[in-house]
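Taking it in order: structure first as structure tokens, then the write-up.
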Amino acid sequence: MPIIVVEVMPKAEILDPQGKAVAGALVRLDKSEFTAVRIGKRFELTVDGPVTDELLAEAREIANDLLANTVIEDVIYVGEARPADDAQGA
Amino acid sequence: MRVGVITFPGSLDDRDAQRAVKLGGGEPVALWHGDHDLKNVDAIVLPGGFSYGDYLRAGAIAAHSPIMSEVIAAANGGMPVLGICNGFQILVESHLLPGGLVRNDHGDFVCRDQKLRVENTATAWSNGFKEDEEIIIPLKNGEGGYIADQDTLDRLEGEGQVVFRYLEVNPNGSANDIAGISNARGNVVGLMPHPEHATEAGFGPDTRAAMRSGTDGLTFFTSAISSLMANA
């Protein structure tokens, strides 16, 4: 089944306490070459047929209306799952 | 006066809010998120809790409930609407109030008796307070950090739409110590602290006078109910 991927990130100016906590763990693991972490969300929307422009437009609409709160988050990607995405955990 | 309290899947304080309405002299009316029926209420409370387990974002899925189309229409028509904690989150997610609520800056859930200052006594839910009155209201949240862009913050401050401000401690990293705001018209108010938990001596927050004696929250409900009765 084709999948449309929507990726959402907290806006740059918004504090991301989750990312901050992970960054703190990296320091404790002696991985301080990674200086900052921000955590976003990835949604996978399964569709029945081929991914059409209409479906992508619909996905963009729900991304902005429901999946992201554009007051605090940005939708950074809406598109068909990339080939590398097909293998789980790739 | 009939005051509706909406129960969403995961609401926790709906019964407390109904009880607060009764103590404030109103008739509580239970409303259901899946209905398209406000049952002829005169005002609406969106209670605290964890609707849909805070999945996606706190309040985000509840903001798209069937009953919210009626709530948004009523709010835009001037009906008093109060959002408490998760109810506040639902109000910002439905764009009835500006800004957003994010995880507390320190990352922990916070539960405390919180001192607030009432900075706008012209709203439907604060008109019984004195200007700059200091009150104590229980606060309990994990995602209570109020944020908005600078233009919105400037507008809220300039127009007096900051109704309640945290005093002494900013418990969650909210911008400008904002605890609660209103829309421009003043009929829609949202705040993170829980006034319904400060309505009956013996069950309220601790005050300097005695343990659990605080009843400052009752004024939220009497404000709305008495002004509705005066206009009836």
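Order of the sequence lines fixes the chain letters, A, B, ..., with proteins taken first and strands second; residue numbering starts at 1 for each chain.
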For chain B, the option from K20(A), Q18(A), K41(A) that forms the most heavy-atom pairs under 4.5 Å: K41(A)
T123(B) side chain vs W125(B) backbone, donor-acceptor pair below 3.5 Å: yes
Cationic N near anionic O, under 4.0 Å, R117(B) to E134(B): no
Among the listed options I72(A), V71(A), N69(A), D16(A), the residue most often paired with chain B at heavy-atom distances under 4.5 Å: N69(A)
D132(B) atom CG, over 12 foreign heavy atoms within 6.0 Å: yes
Other residues, nucleotides, ligands: >12 heavy atoms within 6.0 Å of F109(B) CZ: yes
Which atoms of E73(A) approach chain B - backbone, side chain, both or neither, heavy atom under 4.5 Å: side chain
Side-chain touch K140(B)/H197(B), heavy atoms, less than 4.5 angstrom: yes
Residue R60(A) excluded, over 12 heavy atoms near CZ under 6.0 Å: yes
Neighbours of chain A found in residues 159-174 of chain B - heavy atoms under 4.5 Å: none
Distance, nearest 0.5 Å, that separates NZ of K11(A) from CG of D149(B): 8.5 Å
